[in-house]
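Okay, structure first, notes after.
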Amino acid sequence: FLAGFGSLMQDVLWCFSQVKGTIDIGVTEADIISTVEFNHTGELLATGDKGGRVVIFQREQESKNQPHRRGEYNVYSTFQSHEPEFDYLKSLEIEEKINKIRWLPQQNAAYFLLSTNDKTVKLWKVSERDKRPEGYNLKDEDGRLRDPSMITVLRVPVLRPMDLMVEATPRRVFANAHTYHINSISVNSDYETYMSADDLRINLWNFEITNQSFNIVDIKPANMEELTEVITAAEFHPHHCNTFVYSSSKGTIRLCDMRTAALCDRHAKFFEEPEDPSNRSFFSEIISSISDVKFSHSGRYIMTRDYLTVKVWDLNMENRPIETYQVHDYLRSKLCSLYENDCIFDKFECVWNGTDSVIMTGSYNNFFRMFDRNTKRDVTLEASRENSKPRAILKPRKVCVGGKRRKDEISVDSLDFSKKILHTAWHPSENIIAVAATNNLYIFQDKVN
Amino acid sequence: PVSIIVFQEMEDKVISPEKAEEAKLKARYPHLGQKPGGSDFLRKRLQKGQKYFDSGDYNMAKAKMKNKQLPTAAPDKTEVTGDHIPTPQDLPQRKPSLVASKLAG
């Protein structure tokens with residue numbers, strides 16, 4: 001029994017584990033983390049940043065000698081995935097920022113991931129090399145060619161052990177298929193195909209073929225003056241390889257079945273919550289825009305994130321979500337300034353835990369929120385260097401909305417809107433989370449008793 | 001019962017926080033369009049990113065940014081322009097254009 005800690009997620013107490021990145025006074029824009037993703041076993045954790053770089057962390061084996069250091073994540077590999085390019089036709093820069101990373105399930109000793117910027121998707125192979133051949137005939141150990149006429153003896157090269165080297169190589173580059181900016185990629189459960197979605201179109205790729213893709217959704221109107229909504233996120237069903245969903249800037253989700261037609265412009269299901277017309281304001285459509293959509297691991301539910309809420313939908317019920325969680329409703333009375341400083345357009349992501357019982361999403365002031373779907377309890381935690389002593393338990397935070405502010409509460413006007421947590425990830429089977437706070441990556445774990 | 005009725009009346013008169021914020025915005029920007037989700041707004045969203053005049057303009061801008069971020073060239077390399085055709089040894093070493101992520105440090 002722990003007095004004074006307010007509401008907790010059942011028995012889970014979250015503790016600080018690690019933080020990656022530097023404490024700079026001014027943040028270099030290239031260092032801003034733009035995506036975070038665990039692989040399917042949770043052994044690897046990948047981050048992408050605005051500078052087009054990918055850093056992969058690997059969980060170290062748990063040792064019996066140090067049971068409290070429950071598998072820390074250390075750098076495994078890092079590489080430059082994308083570089084800035086210039087679109088000559090439009091005279092626009094193509095940012096190297098990594099929008100999304102998605103892992104393929106592991107099928108052999110090597111690891112594969114997809115990383116994408118606004119225009120190009122790349123398949124990267126990350127593999128280990130711990131042996132190298134020595135004793136070539138035609139070149140010496142430095143690689144310099146030998147004069148063949150000087151060779152009098154033939155030998156057979158042998159494999160000798162070497163220091164472990166992790167190499168990342170680009171195996172496929174899927175380019176020139178998107179006129180608009182890619183916001184999502186999703187690996188299909190058949191492990192042979194994946195999709196990439198931009199503002200107006202979704203393409204289906206085969207991993208082996210880079211010069212063609214199938215267009216499966218196209219919402220571009222013949223006359224661009226008639227444009228009313230854009231695609232904001234898309235994802236394949238975790239088990240049914242013919243099913244996928246995509247969300248829109250108008251707060252709707254469409255579920256499509258690729259068996260019905262080659263072009264899935266007509267949805268199989270359409271999810272939309274009815275709106276009370278008397279509540280409509282200038283901001284209504286903007287704050288209803290869905291910034292992220294995620295299937296539950298079970299495949300029975302989808303979760304969507306809009307500016308102020310997270311919603312859970314049952315695939316069998318299209319007319320309204322089954323659960324709605326308020327992330328930071330106190331921002332409703334700040335919408336004017338949030339529109340002026342563009343924060344109202346921030347795209348927050350959301351994640352499920354491994355058992356689909358808890359959902360998590362980020363907020364401002366480096367706060368992030370978790371909602372327990374069973375107990376209906378929620379908690380606000382903070383990613384901060386002040387709470388970064390090893391295994392320090394995170395204290396729940398509270399935002400004071402008005403009236404008397406208690407000692408450890410923070411008032412809405414004191415929130416730092418430049419400290420936004422847009423990207424988080426949850427280990428597939430354990431209570432380990434990765435939280436990206438601008439240029440720092442925090443890893444939290446539940447308390448080991 | 002009387003107090004409940006009074007409360008309901010008051011609720012009807014209270015403007016939702018969202019509508020109050022809308023009024024604030026309209027007061028600051030009277031020419032703001034009615035529909036924020038209109039096609040102009042979306043089309044602006046579709047074309048994000050800085051526009052340059054041409055590729056030369058883009059490369060100049062990139063070069064300027066790089067010069068600001070990287071340390072200055074070694075002092076013993078002297079400028080060799082105009083006097084003669086430079087050889088590869090005369091040119092200053094090309095700086096690596098890509099810096100490793102600090103997360104890996």
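Proteins come first, then strands; the chains are lettered A, B, ... in the order of their sequence lines, and each starts at number 1. Side-chain atoms are counted along with the backbone in the values below, which use heavy atoms only and exclude waters and symmetry mates.
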Q | Charged N-O contact under 4.0 Å between B/Glu22 and B/Lys19 | A |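 No, B/Glu22 and B/Lys19 are not salt-bridged.
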Q) Does some side-chain heavy atom of A/Ser81 sit less than 4.5 Å from a side-chain heavy atom of A/Glu96? A)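 No - every pair of side-chain heavy atoms lies 4.5 Å or more apart.
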Q: Report yes if some heavy atom in the side chain of A/Arg201 is under 4.5 Å from a heavy atom in the side chain of A/Tyr180; otherwise report no.
A: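 Yes. Closest side-chain heavy atoms under 4.5 Å.
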Q) Which salt bridge (charged side-chain N to carboxylate O under 4.0 Å, His left out) pairs, counting each pair once, include a residue from residues 25-34 of chain A, with sequence neighbours left out? A)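 As it turns out, the salt bridge (charged side-chain N to carboxylate O under 4.0 Å, His left out) pairs with a partner in residues 25-34 of chain A, which skip direct neighbours, are A/Glu29-A/Lys50, A/Asp31-A/Arg53, A/Asp31-B/Lys102.
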Q.
So does A/Gly48 get a backbone contact from the side chain of A/Ser34, meaning a donor-acceptor N/O pair under 3.5 Å?
A.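 Yes; judged by distance alone, with no hydrogens or angles, the pair exists.
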What part of [X] gets closer than 4.5 Å to chain B, counting heavy atoms only: side chain, backbone, both or neither?
X: A/Ile33; answer: side chain
X: A/Ile56; answer: neither
X: A/Glu95; answer: side chain
X: A/Ser278; answer: backbone
X: A/Ile287; answer: side chain
X: A/Thr179; answer: neither
X: A/Phe345; answer: side chain
X: A/Ser77; answer: neither
X: A/Phe57; answer: side chain

(Q) Heavy-atom cut-off 4.5 Å, strictly under: side chain, backbone, both or neither for B/Tyr29 against chain A? (A)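 It is the side chain, since no backbone atom gets that close.
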Q. Which bit of B/Ala20 is near chain A, if near means a heavy-atom gap under 4.5 Å: side chain, backbone, both or neither?
A.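 For B/Ala20, there is no contact with chain A at all, as no heavy atom is under 4.5 Å.
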Q.
Just verifying a value: how many Å separate A/Ile290 CD1 and A/Glu229 CD, rounded to the nearest 0.5 Å?
A.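 Here the interatomic distance stands at 10.0 Å.
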Q) With ring centroids as reference points, do B/Tyr58 and B/Tyr52 lie under 6.0 angstrom apart? A)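 Yes.
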Q) So, B/Ser101 and A/Thr78: side-chain donor and acceptor under 3.5 Å apart, yes or no? A)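 Per modelled atom types, B/Ser101 and A/Thr78 side chains form no pair under 3.5 Å.
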Q.
Under a 4.5 Å cutoff for heavy-atom pairs, which residue among A/Asp198, A/Asn279, A/Leu441, A/Val19 has the most contacts with chain B?
A.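 If we count pairs closer than 4.5 Å to chain B, A/Asn279 comes out on top.
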